[in-house]
Amino acid sequence: MATSMVCLVALCLVSPLLLAGAAHGNPGYGGLFPQFYDHSCPKAKEIVHSIVAQAVARETRMAASLVRLHFHDCFVKGCDASVLLDNSTNIISEKGSNPNKDSLRGFEVVDEIKAALEAACPGTVSCADILTLAARDSTILVGGPFWDVPLGRRDSLGASIQGSNQGIPAPNNTLPTIITKFKRLGLNVVDVVALSGGHTIGLSRCTSFRQRLYNQSGNGLADGTLDVSLAAQLRQGCPRSGGDNNLFPLDAVTSTKFDNYYFKNILAGRGLLSSDEVLLTKSAETAALVKAYANDVHLFFQHFAQSMVNMGNITPLTGSQGEIRKNCRRLNNFH
């Protein structure tokens, strides 16, 4: 076991980056690079960081919301800001999909960042890059790791509500389904577990975990892997019916701090979502990573940072593809 764990951890450090290069046909970051705006908009990163910092200072939860916004963008058509488009004559917005409706947040913060960037450098910084930078800055502001964000994405000319409904991993998906959804995008099992660690911050709605409290296996019983005292506590605010939007911390120990308590909670049977718990109970490979991250916060931070780069690399639009939106909610030739 010790040997296989060492190999697994070594694999974690090498494989995602190789995978990212392979997935996009060239080494490194698929044509993206951190210095992309150094000449065209030298204060771009500073502007994004400043506005994200103000937003997180107003409401700590916004950090988790902005990380999730980036995730829900990248898993549909790649990291192209398609998630930000509102309904229009030709577009059915992804905001109305099952994973996003009544739960995706942070759009106003993105609007604020975009307005400031348009004032500083008109038509230069894409909404897709704003999402990527905002996710990184949010992570740092609540105690998580820093990473250099490869930049140079352009914005999509369309959205896919079907892709949003089908492609984003759901809280009640089986582990093989979750892994398949990641692998389809060139992400591996390490990315699955490391990115799940984003649940160390933020809140979840009752509707996302209710089945664990009352009918996990269709037999009317609670999930046997869920700590009994936690289940009793959750039932008080998450009844069998009603209260769908009641909110609960994904990490009840340190819900506003980016750390490795998410993994420690899973080991104690106190992971909130079914998709959290199955990382420990349904696969030796994912369970080994859960234990490694619970034991070593630095390893988790290292892998999370790399996996965020990998995710940010999913089929970006570059060069003359797409456009640089002036308003993140609509296309430049808006009808």
Side-chain angles (χ1 to χ4, degrees), residues 5 8-9 12 60-65 67-68 71 103 138-139 141-145 169-175 178-179 182 189-214 216-217 221-238 243 246-305 307-308:
M5 187 62 233
L8 183 60
V9 170
C12 305
T60 314
R61 182 188 171 201
M62 188 52 70
S65 298
V67 171
R68 185 167 181 255
F71 183 90
S103 72
S138 292
T139 302
L141 286 160
V142 289
N172 58 352
N173 278 162
T174 64
L175 185 57
I178 293 167
I179 290 171
F182 273 72
V189 171
V190 175
D191 298 314
V192 171
V193 184
L195 291 173
S196 295
H199 286 172
T200 182
I201 51 173
L203 304 172
S204 175
R205 297 185 301 153
C206 163
T207 185
S208 296
F209 60 86
R210 175 184 281 124
Q211 88 285 348
R212 292 194 78 200
L213 304 179
Y214 301 104
Q216 177 68 5
S217 308
L221 300 176
D223 187 341
T225 63
L226 182 62
D227 177 83
V228 176
S229 61
L230 177 62
Q233 188 184 329
L234 292 171
R235 280 191 205 101
Q236 291 174 10
C238 185
N246 292 353
L247 295 168
F248 298 80
L250 285 154
D251 164 10
V253 182
T254 53
S255 64
T256 58
K257 187 171 187 298
F258 200 100
D259 55 25
N260 64 340
Y261 263 96
Y262 165 79
F263 297 104
K264 294 179 180 182
N265 293 338
I266 291 176
L267 293 178
R270 297 180 73 87
L272 185 64
L273 307 179
S274 177
S275 58
D276 300 327
E277 187 59 41
V278 293
L279 297 175
L280 179 67
T281 56
K282 298 298 183 186
S283 153
E285 189 179 7
T286 57
L289 284 162
V290 169
K291 289 168 188 167
Y293 297 157
N295 288 332
D296 186 346
V297 70
H298 300 295
L299 182 69
F300 165 49
F301 277 18
Q302 193 176 2
H303 288 187
F304 182 82
S307 290
M308 285 296 282

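As the structure is a prediction and not an experimental result, all values here were calculated from the model.
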If only atom types and distance count, is the side chain of Asn265 paired as donor or acceptor with the main-chain N or O of Tyr261 below 3.5 Å? yes

Do the side chain of Asn260 and the main chain of Ala294 share a donor and acceptor less than 3.5 angstrom apart? yes

From CA spacing to verdict: side-chain contact (heavy atoms from CB on, under 4.5 Å), Lys291, Phe263: CA-CA 7 Å; Lys291 289 168 188 167; Phe263 297 104; over 6 Å; no

Go through Leu289 and Leu279 one step at a time and tell me if the side-chain contact (heavy atoms from CB on, under 4.5 Å) criterion holds. CA-CA 9 Å; Leu289 284 162; Leu279 297 175; over 6 Å; no

Tell me if the centroids of the rings in Tyr262 and Tyr293 come within less than 6.0 Å of each other. no

According to salt bridge (charged side-chain N to carboxylate O under 4.0 Å, His left out), does anything in residues 247-263 pair up with another residue at least two apart or in another chain? List the pairs. none

Would you check if the side chain of Asn246 reaches a backbone N or O of Gly237 as a donor-acceptor pair within less than 3.5 Å? yes

What pairs with Ser274 under side-chain contact (heavy atoms from CB on, under 4.5 Å), at least two apart in sequence or on another chain? Gln211, Arg212, Gln216, Val278

Any sub-3.5 Å donor-acceptor pair from Asn173's side-chain atoms to Ala170's backbone N or O? yes

Residue pair Leu272, Glu277: steps toward the side-chain contact (heavy atoms from CB on, under 4.5 Å) verdict: CA-CA 7 Å; Leu272 185 64; Glu277 187 59 41; over 6 Å; no

Taking Thr286 for the side chain and Ser283 for the main chain, is one N or O donor matched with an acceptor at less than 3.5 Å? yes

So, using side-chain contact (heavy atoms from CB on, under 4.5 Å) as the criterion, who are the partners of Leu273 when residues are at least two apart? Pro171, His199, Ser204, Ser208, Phe209, Leu250, Ser275, Asp276

If only atom types and distance count, is the side chain of Arg68 paired as donor or acceptor with the main-chain N or O of Ser103 below 3.5 Å? yes

Dump the intermediate steps for side-chain contact (heavy atoms from CB on, under 4.5 Å) on Cys238 and Gln233, then the final yes or no. CA-CA 9 Å; Cys238 185; Gln233 188 184 329; over 6 Å; no

